[in-house]
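Working notes for the structure below.
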Amino acid sequence: MYILAIESSCDDTSIAIFQDDKLIAMSTAHQVVHSKLGGVVPELASREHLAFIVPTVEDCLNKSDIQMKDLSAIGVTRGPGLMGSLLVGVSFAKGLAAALDIPLIEVHHMHAHIMSNFIDAPKPAFPFINLTVSGGHTDLYLVESPLNYSCIGTSLDDAAGEAFDKIGKMLGLSYPAGPEIDALAQQGQAKYDFPIARVGTYEFSFSGLKTSVLRFLQSKLVNQPNFIKENLHDICASVQSNIVTTLIQKLEYAIKEYDVREVAIAGGVSANSELRKAVQDMAHKHKLNYYLPAMTYCTDNAAMIGLVAYHKFKDGLFSDLSMAADPRLQYHSKIK
Ligand code: KG4
Ligand code: ZN
C-alpha cells in the first residue's frame, strides 16, 4: 500500500510517500518570504503553496520509485491552520484522489505532530504523555493508541513557539525566531528573571511573559539604547529558560498524575536544545523512557501526516470529496 501525504497548514509545503508505515521519500519547500515580515502573512503563504505544490509532489515522486498510478490513498492535513494554506493542500488532495479514483484521508495537524515520534525507531509504547509545542499550540496529550488520544492541557493564549517568535521580533530577530533564540542562548546566562504564569495545573500562558519582556526592554532602553545588542545572549537565555521551565513543570505534573513510564515531545519547539536536554534530565530523574523527534520531524512535515493516514487507512477511515479545510478543526479523542 502506498500513501501520498500532503501538509500545507502554515508555511511549509511538504509531501511524503509511505509504503505501509515506512517513509520512502519526503520533499519540503520552506517559505522564506515571511522571514523579514515578523510572522507568516496568510495571503503570501497560500500563494507560495500554490507555486510550490506541484514541483514538490514531482520532486517527492522522483526521489521514490513510485508513480502516481501506484498510489493507494491520499492523506492531507484538514486543519487546524491557515485557511488559504489548508485550501491549497485539501483542494489538491481531492483533485488527485478523484483523478486516481483512490481514497482521501483527512488528518488533524496536531494528531500528526503526536505521531511524529513513530516515524523512526525507537517508538513510544502506549500509553504515553506527549507535550506538543508548536507555533500555534502548546498541548499535553495522553496517547493511548495511534488513533486514541486525549488533550489534558492546553494554552490559554500564546503558544510557546508564538512566544519565541514574538519576543524575537522585539529583539529584532527574523521570523521564525525560535531557532535563533536557541542558538544565541547557548552563549548566554539566564540572569534576567521573568515571571512564570500562575494558571491551572495543565494550562499554559505565555502572553504575560511577552508583556514582561516588553516592559523590561522598554525600561532598559531609556538609559541604555544599546541594551538589546549588548545583552542579546543573556536575554535569549533568560526567555528560553522561562519557557522551558514552564513546559517541564507541567509535563512533570502530567507524568505523575497519569502514572505513565513513557514521555515524548513534538512540534516545532521540540527542536529546542534546552527543552530536549531538560526532557532527557527529567526522564532520567523519574526513570522514564523518553522520545524526541528527529530534527526534520519537529517542524511541519508530511511524514507525520502520512503516518496518521496509514493508521486511518488500515481502519477504513476515509473522507468523501465534500470534506472541507477547517482552520479551527477540533480533534476527536477516540477516532476509532
Ligand atoms: O510545528 P511548527 O513547524 O509549526 C506549527 O505548526 O506552528 O512550529 C513552528 C514553531 C515556530 O514558532 C518556531 O519559532 C518554533 O517552532 N521553533 C523553535 C525552534 N525551532 C522551531 N522554537 C524554539 N527553539 C527552536 N530550536
Ligand atoms: Zn505544526
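As the structure lists them, so they are numbered: ligands from 1, and atoms in each ligand from 1.
For the pair C10 and ligand 1, no heavy-atom separation below 4.0 Å is found.
Near P176, with a cut-off below 4.0 Å to any heavy atom, the atoms of ligand 1 are 13 (C), 14 (O). Shown in contact with G136 at under 4.0 Å from a heavy atom are these atoms of ligand 1, numbered in order with element: 7 (O). Each of the atoms 12 (O) of ligand 1 lies under 4.0 Å from some heavy atom of G161. Under a 4.0 Å criterion applied to the non-hydrogen atoms of G135, ligand 1 contributes the atoms 5 (C), 7 (O), 8 (O), 9 (C), 10 (C), 12 (O). Within the listing of ligand 1, atoms 1 (O), 6 (O) sit less than 4.0 angstrom from a heavy atom of H113.
The shortest N or O to N or O distance between F164 and ligand 1 is not below 3.5 Å. Ligand 1 has no N or O atom lying under 3.5 Å from any N or O atom of D12, backbone or side chain. The N/O atoms of T299, backbone and side chain alike, include none that comes under 3.5 Å of an N/O atom in ligand 1.
Among protein heavy atoms, the minimum distance from atom 21 (C) of ligand 1 is reached at G268 O, 3.3 Å. Protein heavy atom in closest approach to atom 3 (O) of ligand 1: D300 N, 3.0 Å. The protein heavy-atom contact nearest to atom 22 (N) of ligand 1 is G178 CA, 3.4 Å. For atom 26 (N) of ligand 1, the closest non-hydrogen atom of the protein is D182 OD2, 2.9 Å.
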Exercise for the section: Could you please spell out the steps behind the side chain to side chain contact (heavy atoms under 4.5 Å, CB included) verdict for L171 and L232? Expected result: CA-CA 8 Å; L171 299 173; L232 190 56; 4.0 Å; yes
Practice task
Starting from the C-alpha separation in whole Å, work towards a yes-or-no answer on side chain to side chain donor-acceptor pair (under 3.5 Å) for E7 and S9.
Solution key: CA-CA 6 Å; E7 156 62 33; S9 66; 2.6 Å; yes
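Atom CZ of F216 has more than 12 heavy atoms from other residues, nucleotides or ligands within 6.0 Å. Atom CD of Q189 sits in a sparse spot, with 12 or fewer heavy atoms from other residues, nucleotides or ligands closer than 6.0 Å. Within a 6.0 Å radius of CZ in R47, other residues, nucleotides and ligands contribute 12 heavy atoms or fewer.
Contacts with ligand 1 closer than 4.0 Å are made by side-chain heavy atoms of H109 only, the backbone lying farther away.
Residues Y291 and F128 place their aromatic rings such that the two centres sit no closer than 6.0 Å. Residues Y141 and F126 keep their aromatic ring centres 6.0 Å or farther apart.
In the candidate list N272, D165, N301, N272 is nearest to atom 24 (N) of ligand 1, counting heavy atoms.
Judged purely by atom type and a 3.5 angstrom limit, N231 has no side-chain atom pairing as donor or acceptor with the backbone of D234. A distance-only check finds a donor-acceptor pair linking the side chain of K63 to the backbone of M26 [under 3.5 Å].
When the N, O or S atoms of D300 are ranked by distance to the Zn ion (ligand 2), OD1 comes first.
For the pair T154 and L140, the minimum side-chain heavy-atom distance is 4.5 Å or more.
Put simply, H109 gets within reach of the Zn ion (ligand 2), with an N, O or S atom under 2.8 Å from it.
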